[in-house]
Amino acid sequence: MQIATWNVNSLSVRLPQVLAWLQANPVDALALQELKLTDDKFPLQALQEAGYHAVSHGQKTYNGVAWLTRTPVRDVVRNIPGLDDEQARIIAATLDAEGGPVRLINGYFVNGQAPGTDKFAYKMRWLQALQDWVKSEMAIHPRLVLVGDFNVAPEDRDSYDPIGLKDTIHHTVEERTHFQALLQLGLTDAFRMFDQPEKSYSWWDYRMLGFQKNRGLRIDHILVSEALRPSVSACSVDRAPRKNPQPSDHAPVVVTLG
DNA sequence: ATGGCAGTACCATACTGA
């Protein structure tokens, strides 16, 4: 089984690329972030015609997340329970699979702008609430994946310029400590279970020929629980869609289980 | 030293992203 995550930076604009990617990469579940549309504008029919079920948690202009799956999901949760959050950043669901149900959590983590700002404080609050909630989800669902745009480069090797960008957004100790806390719940960064090319990233700035110069960050992640870890056989970034005309600034990350 | 791209919305310029 394959699970993928992709920040599409507007599903309206990127729908043709999503459909083309799914045709070439018929994953069992695809997490989307930054839909930038409300649920009434969600392109359900086009995705159904492509063979996918979908559940979404949309928002106008900003944020918005969805799961696309080959088979229907159940027990859908939108946003972190108990967190008063106007922004649509979380959708979770359970997918029945061979070997048992898998809890799928998809997050569009807060960007945070810069340390010291209100947005950074919101990011810290949000990360703490996420951690508390994921802990409780893991107790209920041993087979669990947490995927999405984490907006955190966990280590220096996940950044094109760890020295120049030291202590800036995505690189701060506070953000990295939150990422480590998620791992300490018993989650594993699937990408780092395998040898990977040097300078592997999942996001590149549109400006300054960021992709052509491979000036990027690895901020899109797939974390798997202990129960799933033995079945993880591959994990990689698919850079191909970043080369498309009018690309998203993020590339998909794909994990293979079994 | 600064902005540089892209998407969206009160459609001209501001906001956000990372």
Side-chain angles (χ1 to χ4, degrees), chain A residues 5-18 21 31-43 56-66 85-90 106-127 130 147-179 191 199-221 237 239 241-253:
Chain A
T5 178
W6 191 7
N7 178 325
V8 291
N9 186 19
S10 169
L11 184 56
S12 305
V13 172
R14 229 67 65 192
L15 179 63
Q17 294 184 44
V18 171
W21 189 82
L32 299 176
Q33 303 90 34
E34 282 209 85
L35 307 181
K36 298 189 174 181
L37 48 74
T38 46
D39 288 339
D40 59 300
K41 296 203 166 63
F42 189 85
S56 64
H57 182 31
Q59 182 183 330
K60 189 176 181 177
T61 311
Y62 302 116
N63 312 314
V65 285
D85 194 350
E86 295 175 351
Q87 304 188 12
R89 295 185 173 277
I90 287 281
N106 171 16
Y108 174 49
F109 290 38
V110 177
N111 174 308
Q113 196 174 53
T117 63
D118 288 348
K119 288 177 183 175
F120 191 83
Y122 166 50
K123 183 173 196 171
M124 292 297 112
R125 279 199 311 279
W126 193 92
L127 285 166
L130 177 79
V147 313
D149 175 358
F150 284 52
N151 272 317
V152 178
E155 301 177 53
D156 280 356
R157 61 178 167 164
D158 299 315
S159 171
Y160 70 95
D161 186 9
I163 311 280
L165 296 173
K166 184 174 161 60
D167 298 330
T168 66
I169 200 67
H170 306 124
H171 300 71
T172 67
V173 172
E174 294 95 319
E175 292 164 280
R176 287 175 168 179
T177 299
H178 271 290
F179 187 87
F191 189 77
K199 304 184 191 302
S200 285
Y201 308 124
S202 66
W203 170 89
W204 301 262
D205 201 308
Y206 285 122
R207 298 166 290 186
M208 292 277 293
L209 300 171
F211 182 67
Q212 290 87 332
K213 294 177 177 174
N214 196 30
R215 293 164 58 92
L217 304 174
R218 192 177 73 91
I219 54 177
D220 300 271
H221 306 298
V237 176
R239 296 163 55 98
R242 190 62 177 78
K243 300 169 188 167
N244 290 342
Q246 206 176 8
S248 167
D249 43 359
H250 295 253
V253 183

For B:dC10 versus B:dC5, give the span between their P atoms, rounded off to a whole number of Å. 25 Å
Report yes or no: do A:K123 and A:N111 form a side-chain donor-acceptor pair below 3.5 Å? no
With a 6.0 Å cut-off (strictly less than), is the heavy-atom count around CG of A:D118, excluding the residue itself, greater than 12? no
A:R176 and A:H171, any side-chain heavy atoms less than 4.5 Å apart: yes
Encode nucleotides 9-18 of chain B as B, S and - characters from 5' to 3', where the letter depends on protein heavy atoms closer than 4.0 Å: B to the base, S only to sugar-phosphate, - to neither. S-----BSSB
Do A:Q33 and A:D149 pair up side chain to side chain, a donor and an acceptor below 3.5 Å, judged on atom types alone? no
Please, what dot-bracket string fits DNA chain B when only Watson-Crick and G-U pairs with both distances under 3.5 Å count, crossing ones use [ ] and pairs to another strand use |? ....(((((...))))).
Looking at A:S202 and A:V237, what are the two nearest heavy atoms and their distance? CA-CG1, 4.4 Å
With no hydrogens and no angle check, just 3.5 Å: does a side-chain donor-acceptor pair link A:S159 and A:H170? no
Between B:dA18 and B:dA6, how far apart are the two C1' atoms, rounded to whole Å? 12 Å
When the P atoms of B:dG3 and B:dC15 are considered, how many whole Å apart are they? 14 Å
Exactly one candidate in A:N151, A:I219, A:V152 meets side chain to side chain contact (heavy atoms under 4.5 Å, CB included) with A:E175; the answer is A:V152
Determine: side-chain N/O of A:R14 to OP1/OP2 of B:dA6, distance under 4.0 Å, yes or no. no
Which value, in whole Å, describes the distance between the C1' atoms of nucleotides B:dT2 and B:dG7? 23 Å
Atom pair distance, as rounded to whole Å: CG in A:L209 and C1' in B:dG3: 14 Å
How far apart are the C-alpha atoms of A:K213 and A:D205, what are their side-chain angles, what is the distance that settles it, and do they pass the salt bridge (charged side-chain N to carboxylate O under 4.0 Å, His left out) test? CA-CA 10 Å; A:K213 294 177 177 174; A:D205 201 308; over 6 Å; no
